[in-house]
Every structure is written in structure tokens, then in C-alpha cells.
Protein chains: 2
Amino acid sequence: MNKSEQKFYDIFTELQCFILANMSKGEVNGVTATHYNIIEYIYRHDKCTGKQVAKAFNISPPAISRQLKFLIENNLIAQEQSSLDRRVFNLSTTDNGKFIVDSSENFRERVAKKVSKSLTKNELESLTSLLSKVMTEIVENQT
Amino acid sequence: MNKSEQKFYDIFTELQCFILANMSKGEVNGVTATHYNIIEYIYRHDKCTGKQVAKAFNISPPAISRQLKFLIENNLIAQEQSSLDRRVFNLSTTDNGKFIVDSSENFRERVAKKVSKSLTKNELESLTSLLSKVMTEIVENQT
DNA sequence: GGTAATATTTAACAAAGTTAACTAATTTTG
DNA sequence: CAAAATTAGTTAACTTTGTTAAATATTACC
């Protein structure tokens with residue numbers, strides 16, 4: 001790695017530690033961070049399937065199956081058997097689930113607010129655009 | 001959230017999902033990502049204590065204690081009772097541990113390389129400096 | 001010198017991941 | 001078109017790794 005890459009590496013290390021430390025645990029509104037993330041995913045991908053959720057979070061189908069069961073039992077999400085393919089269950093958020101997502105002052109929102117306070121509007125937009133460029137590249141060319 | 005904040009929020013969501021999906025599991029060189037991160041931390045903070053590691057990864061002392069035990073048993077790190085305070089054990093990496101860190105083409109390194117390919121030198125430096133500014137602000141003012 | 005605090009470990013337990021094996025539905029193919 | 005293969009999801013058994021509570025050993029403080 002050259003010097004610029006090394007500097008980026010170091011700051012990315014810090015960012016990664018921060019994200020991992022802040023996201024892996026904690027409970028708000030009676031749901032854990034993992035539960036919340038799943039609810040939010042389903043909220044933003046209405047009618048998605050368990051398979052898709054498993055892929056998005058990179059965990060095995062049985063693990064997702066158990067999480068979904070919990071969320072259904074607690075009336076945060078709902079599933080409906082697809083009429084096109086009856087193996088498939090389409091997921092959606094209940095009013096309770098939506099309420100939690102809408103009212104959740106979540107980790108990312110707090111970060112976004114802090115970030116917008118510490119940067120000028122131009123800097124924020126520049127950061128967003130650079131990150132966006134990078135993410136497109138990284139996410140598409142995954143091994 | 002205003003429009004700029006919202007855009008940042010969205011891209012940060014993507015980044016967070018990416019980090020969580022890529023870091024939370026996986027095994028290289030016979031150690032899991034968690035083990036690797038602890039070894040690397042000790043590598044970069046020679047003579048640090050279990051307490052410090054626990055704080056850095058935001059997990060409880062018993063959890064770290066078990067991880068350290070595993071790493072010691074597998075000859076990846078070593079501990080030495082401090083002569084100044086015999087409650088404390090100073091941690092260091094063994095040659096095996098150092099080897100793993102040195103030879104690990106790890107997640108962050110791959111990201112850094114991809115990022116440096118998709119951005120110009122100026123853009124990369126700008127991104128690093130913006131992220132750095134943001135991290136200082138965020139990490140210091142944690143709740 | 002007795003009490004409080006600190007670093008670490010042990011024990012008991014809970015959450016959430018894994019693989020393997022199963023069901024039910026759909027698709028492929030000879 | 002029926003048998004075989006594939007796919008989405010679940011159940012069961014197990015492992016890893018987190019937690020809290022309690023124990024140990026050491027140090028710090030009136």
C-alpha cells in the first residue's frame with residue numbers, strides 16, 4: 001500500500017471499529033439492533049423474501065428463519081404466502097414495525113446528524129458523493 | 001433530516017450493511033474475523049491489557065477473557081504479569097500472531113485497494129481527510 | 001490495618017450463528 | 001409426462017460468543 005492508501009486504511013479501521021462497536025448490540029423499543037435492522041430492511045424492501053433478507057445480512061436461512069419467527073410472533077412483521085410460488089413467503093412490516101422504524105432515532109441518524117454538524121454543507125456533499133462512488137465500485141465487484 | 005443529511009444517511013446505511021456483512025464472520029488462516037481483530041489490536045497496542053481490549057471492542061471483560069485464553073492456547077498472543085501491578089497482564093503478539101497480521105490480506109486492505117482504484121489521488125486524499133474529520137468528532141462525543 | 005476499588009477469571013446461562021436433514025413446491029429433463 | 005433435481009423455508013442438534021453474578025488476587029485509601 002502506498003501512503004495515501006495507508007492513510008485511508010487507518011481511518012477506515014477506525015470507522016469499522018466504530019460501526020462494529022456501536023451496532024452489534026443494544027436494545028431500543030424492546031428490539032435488539034439485529035431485529036431492528038431486519039425490520040428496517042423489510043420496511044425498505046416491501047414484499048421481499050426470507051432468502052433475500054438472509055443474503056442481505058449474509059447469514060444462513062435457518063438463522064433468518066428464527067429471527068423472522070420472533071418478529072412475526074411479536075407482531076412487527078407479517079408474511080403472506082406468494083400466490084405465484086407457494087414456497088415463497090412475502091414479508092412486510094406491520095404498523096408496529098413501521099412505527100418502530102419511523103420513530104427510531106437510530107444509530108445512523110445520530111451519526112448523520114453529528115456528521116452534518118462537523119462539516120460544512122459542501123464538505124458533507126463532497127463526502128457523500130465520494131462515499132457513493134466508492135460504494136458502487138466496492139459492492140458491485142465483490143468476491 | 002434535511003436533504004444533504006438524508007443522502008449521507010442513505011449511503012452510510014449501505015456502508016454499514018457492507019461492513020457488517022463482510023466483517024462479522026469468515027475465517028482466514030484458521031482464525032475468525034473476531035480473533036484476527038483482537039490479534040491486530042494487540043499487535044498495534046503492544047503491552048496493552050485485557051481491560052483495554054474489552055473497551056476497544058466494547059464487549060465485557062469475561063468475553064475478552066475467553067477470547068484471549070483461546071489466542072494464548074493457540075500461541076497467537078502471549079501475556080506477562082505486570083511487575084508494577086500484578087493484577088494486570090500485559091499482552092503481546094507471538095511470532096505466529098505477527099505473521100498472521102503481516103500476511104493477512106484483510107478486509108480493510110482489500111477495501112483500501114479497491115477504493116484507491118476507483119478514486120483519483122486527490123479524491124482519495126479528500127475522502128480520507130473528510131472521514132478523519134468526521135471520526136474525530138463522532139468518536140470523541142460519544143454518548 | 002480494614003475497607004473499597006480494580007483486573008481478571010469462573011460459572012451458569014442466553015442469543016444467535018452453523019450444518020444436516022426434512023418438507024413442500026417448482027423446474028428440468030429424458 | 002413422470003422421475004429427478006432444484007429451490008424456499010423449517011426443524012433439530014450443536015457451537016460460538018455474548019451476558020451477568022460471584023470469586024480471587026492485588027492495590028489504593030482513609
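A note on names: the letters A, B, ... follow the listed sequences, proteins ahead of strands, and every chain is numbered from 1. Keep in mind that what you see is a predicted model, and the values were worked out from it rather than measured.
Computed from coordinates, the B:Lys51 NZ to C:dA7 P distance equals 4 Å when rounded to whole Å. Put simply, CD1 on B:Ile77 is 12 Å from P on C:dT8, counting in whole angstrom units. Atom CD1 of A:Ile59 and atom P of D:dA8 are 16 Å apart (whole Å). In this structure, CG of A:Leu68 is placed 12 Å from C1' of D:dA8, rounded to the nearest angstrom. Remark: C1' of C:dA15 and CG of A:Leu71 are 14 Å apart, rounded to the nearest angstrom. As a whole-Å value, the separation of A:Glu80 CD from D:dA8 C1' is 17 Å. Remark: P of C:dA24 and CG of A:Leu84 are 21 Å apart, rounded to the nearest angstrom. Separating the CD1 atom of A:Ile64 from the P atom of D:dT11 is a distance of 15 Å, rounded to the nearest angstrom.
For the pair A:Ser83 and B:Thr49, nearest-nucleotide mapping onto DNA chain C gives the more 5' position to B:Thr49. Two residues, A:Gln67 and A:Gln81, neighbour DNA chain C, and the one matched to the more 5' nucleotide by heavy-atom proximity is A:Gln67.
At a cut-off of 3.5 angstrom, counting only N and O atoms as typed in the model, there is no donor on one side facing an acceptor on the other between the side-chain of B:Arg86 and the base of D:dT26. In terms of polar N and O atoms assigned as donor or acceptor, the side chain of B:Arg87 never comes within less than 3.5 Å of the base of C:dT8 in a complementary pairing.
You'll find the side chain of A:Gln67 stays beyond 4.5 Å of the side chain of A:Phe57, heavy atoms only.
Taken to the nearest 0.5 Å, the CG atom of A:Leu127 stands 13.5 Å off from the NZ atom of B:Lys7.
In this structure, A:Thr32 reaches the C:dA16 phosphate: one of its side-chain N or O atoms is under 4.0 Å from OP1 or OP2.
In this structure, of C:dT18, D:dT11, D:dT17, it is C:dT18 that holds the atom nearest to the side chain of A:Ser60. Closest contact between the side chain of B:Arg66 and the listed nucleotides D:dT11, D:dT17, C:dA16 involves D:dT17. Here the nucleotide nearest the side chain of A:Asp85, chosen from C:dT9, D:dT10, C:dA25, is C:dA25. In the set D:dT17, C:dA7, C:dT18, C:dA7 carries the atom at the smallest distance from any side-chain atom of B:Val88.
A distance-only check finds a donor-acceptor pair linking the side chain of A:Ser103 to the backbone of A:Phe99 [under 3.5 Å].
The environment of NZ in B:Lys51 is sparse: at most 12 heavy-atom neighbours from other residues, nucleotides or ligands sit within 6.0 Å.
When all heavy atoms of A:Leu124 and B:Ser4 are compared, the pair lying nearest together is CD2-CB, 3.7 Å.
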